[in-house]
Amino acid sequence: MAVTAQQIAELAGVSRGTVDRALHNRGRVNPEVAARIFRIATELGYKPNLIGQALVRTKRDFKIGAILQSAETPTMKIVLEGLKQAANELRASGVEVVIRELRGLDEELLLESIEELVLQGVQGLAISPNNTPELRQCIDQLDQQNIPVVTFNSDVPGSKRIGFIGVNNYRGGQIAAGLMCQMIPAGSKVFPLTGHLSNTAHNNRLNGFCEAIQQETACNITLLPFQPCFDRDDYAYEITQHMLRANPDLAGIYVAANGQQGVCQAIEEEGRKRQVKVVAFDLNAITRDLLQNDCLSCVLDQKAFEQGYRAPYVLYDYLTYKRRPQNALIYTDIAIRNKYNSDLESSMRPESVPKR
């Protein structure tokens with residue numbers, strides 16, 4: 001039986017008229033809604049020639065570049081899955097998404113990768129960036145060349161990128177502080193551990209946590225000086241071991257980036273499992289197991305799959321219709337996960353994209 005526009009409308013949660021406008025480019029449709037309609041129509045095989053008709057009118061091929069830093073970390077691997085899913089779907093509309101995976105945060109290598117993709121003729125770029133003056137200048141220069149940039153997972157505030165897709169990291173830090181205050185006795189000591197100091201997301205999570213803790217006067221928590229572990233579990237292990245031995249009364253650890261496994265290993269080896277509460281970021285295979293084994297108290301899930309999945313669609317909409325996102329800051333939801341709701345598979349489906 002042939003798929004109808006009404007069926008697509010019901011699956012997308014919109015009216016039939018919205019489906020018609022999106023597929024035929026008849027009037028303004030929210031970019032996120034249009035991308036969802038295109039995806040559903042493609043999956044169901046509904047008149048695919050109409051889906052790519054806007055691209056046909058441009059009389060040129062679309063090539064989008066995507067650069068993923070810290071690609072070796074568990075969470076960024078989930079972001080990568082989102083990128084690949086979007087790339088597979090957009091291929092049916094004539095769009096090529098070229099993905100580059102970089103290890104760690106290396107500004108020089110990132111700038112080289114951007115230059116390489118521009119030379120290959122990409123018409124838009126999605127990047128997980130450092131926050132440095134050099135990269136800000138690079139993004140502004142790309143804007144002058146009419147190459148739109150979308151940042152995801154981390155941001156470059158003040159640059160001319162057309163949008164950022166990711167969690168409100170400062171708010172995430174505040175939420176973590178509220179959770180920590182409920183878990184430990186008043187007057188306790190807490191140690192914050194972060195990742196990279198040049199990463200906006202890590203800094204915002206740290207600042208949100210520390211400032212919220214200081215505002216929670218009823219908790220009367222003593223914040224120990226934070227330290228970076230550069231997303232390395234071995235560094236996180238050594239730092240945590242030192243902090244535990246230097247502070248026998250340490251009650252809580254906040255992990256603002258990666259390093260959760262190293263933190264939990266040190267706590268367990270020091271015989272402090274379940275005594276020291278650990279609030280961390282990101283739901284992935286490693287943190288899921290740590291939650292199940294009562295090593296982590298809870299994690300804040302930043303919808304990593306969604307971040308990678310949405311970035312190419314925002315660029316696709318801009319390149320096709322010349323429309324910027326309605327909001328430059330496209331925030332993904334923050335979900336609080338513990339051992340009882342740590343289902344990883346459900347957070348890695350396209351259906352998790354907000355329907356709005």
Side-chain angles (χ1 to χ4, degrees), residues 12-15 18-19 21-22 25 27-40 54 64-68 75 78-79 82-83 85-86 89-90 95 97 123-131 135-136 139-140 142-144 146-175 199-205 207-208 281 300-335 347 350-356:
V14 299
S15 68
T18 300
V19 171
R21 289 194 300 274
N25 192 25
R28 184 173 178 81
V29 178
N30 182 288
E32 297 174 15
V33 173
R36 186 166 71 250
I37 291 171
F38 292 153
R39 173 174 58 80
I40 293 172
I64 293 172
I67 305 176
L68 190 81
T75 296
I78 297 176
V79 175
L83 277 172
Q85 177 74 21
E89 294 173 1
L90 286 170
V95 180
V97 181
Q123 290 135 307
L125 275 168
I127 59 175
S128 58
N130 311 63
N131 182 19
L135 187 57
R136 190 176 301 110
I139 292 174
D140 292 349
L142 290 170
D143 178 73
Q144 293 175 2
N146 295 317
I147 299 176
V149 173
V150 169
T151 58
F152 61 94
N153 189 258
S154 187
D155 196 16
V156 187
S159 68
K160 293 183 178 179
R161 48 93 171 114
I162 65 171
F164 159 69
I165 303 170
V167 75
N168 184 332
N169 287 289
Y170 185 86
R171 179 59 55 84
Q174 290 177 313
I175 294 171
N199 185 289
T200 302
H202 298 178
N203 284 333
N204 286 345
R205 294 175 196 172
N207 293 335
F281 260 83
L300 301 180
D301 180 19
Q302 60 172 314
K303 304 291 185 180
F305 182 94
E306 183 183 329
Q307 294 173 20
Y309 180 78
R310 294 175 73 175
Y313 273 107
V314 171
L315 286 170
Y316 168 82
D317 186 79
Y318 182 84
L319 292 168
T320 305
Y321 305 109
K322 298 302 179 185
R323 290 200 299 255
R324 290 177 175 266
Q326 289 184 338
N327 297 309
L329 300 176
I330 306 171
Y331 287 137
T332 54
D333 292 335
I334 301 173
S347 66
E351 288 80 7
S352 65
V353 176
K355 301 185 186 308
R356 59 175 180 262

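- Counting heavy atoms from C-beta on, the side chains of Gln302 and Thr75 come closer than 4.5 Å.
- For the pair Arg323 and Tyr321, the distance from NZ or CZ to the six-membered ring centre is under 6.0 Å and the angle to the ring normal is within 45 degrees.
- Within the 4.5 Å cutoff, side-chain heavy atoms of Ile37 are placed close to those of Val14.
- Taking CZ from Arg310 and CG from Leu83, the interatomic distance works out to 13.5 Å, rounded to the nearest 0.5 Å.
- If you look at Tyr316 and Phe38, their ring centroids are closer than 6.0 Å.
- Considering only heavy atoms from C-beta on, Asp333 stays 4.5 Å or farther from Glu306 through its side chain.
- When all heavy atoms of Pro325 and Val314 are compared, the closest pair comes out as CG-CG1, 3.6 Å.
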* Carefully, step by step, assess Arg171 and Asn204 under the rule side chain to side chain donor-acceptor pair (under 3.5 Å). => CA-CA 8 Å; Arg171 179 59 55 84; Asn204 286 345; over 6 Å; no
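- Annotation: the span from Gln307 atom CD to Ile330 atom CD1 amounts to 11.0 Å, rounded to 0.5 Å.
- Between the side chains of Asn131 and Thr200, a donor-acceptor pair is found at a separation under 3.5 Å.
- Counting only distance, with no hydrogens or angles, the side chain of Asp317 and the backbone of Tyr313 share no donor-acceptor pair below 3.5 Å.
- Residues Thr151 and Ile165 are not in side-chain contact: their nearest non-hydrogen atoms beyond the backbone lie 4.5 Å or more apart.
- For Leu315 against Ala126, the heavy-atom pair with the smallest separation is CD1-N, 3.7 Å.
- The residue from Val149, Asp143, Val150, Asp140 that alone fulfils the side chain to side chain contact (heavy atoms under 4.5 Å, CB included) condition with Arg161 is Val149.
- To the nearest 0.5 Å, the span separating CG on Asp301 from CD1 on Ile334 amounts to 10.0 Å.
- Looking only at side-chain heavy atoms (C-beta outward), Arg39 and Leu90 stay at 4.5 Å or farther from each other.
- The shortest distance between side-chain heavy atoms of Phe152 and Val79 falls below 4.5 Å.
- For the pair Ile64 and Leu319, the minimum side-chain heavy-atom distance is below 4.5 Å.
- The OG1 atom of Thr332 sits 8.5 Å away from atom CG of Asn153, with the distance rounded to the nearest 0.5 Å.
- Rounding to the nearest 0.5 angstrom, the gap separating the OG atom in Ser128 from the CZ atom in Phe164 is 10.5 Å.
- A distance-only check finds a donor-acceptor pair linking the side chain of Asn199 to the backbone of Ala201 [under 3.5 Å].
- Taking CD1 of Ile162 as the start and NZ of Lys160 as the end, the distance is 14.0 Å to the nearest 0.5 Å.
- Nearest approach of Ser154 to Pro129, heavy atoms of both residues: O-CD, 3.0 Å.
- With Phe281 as the aromatic partner, Arg205 meets the cation-pi criteria of under 6.0 angstrom to the ring centre and within 45 degrees of the ring axis.
- Counting only heavy atoms from C-beta outward, the side chains of Pro148 and Leu125 never approach each other to under 4.5 Å.
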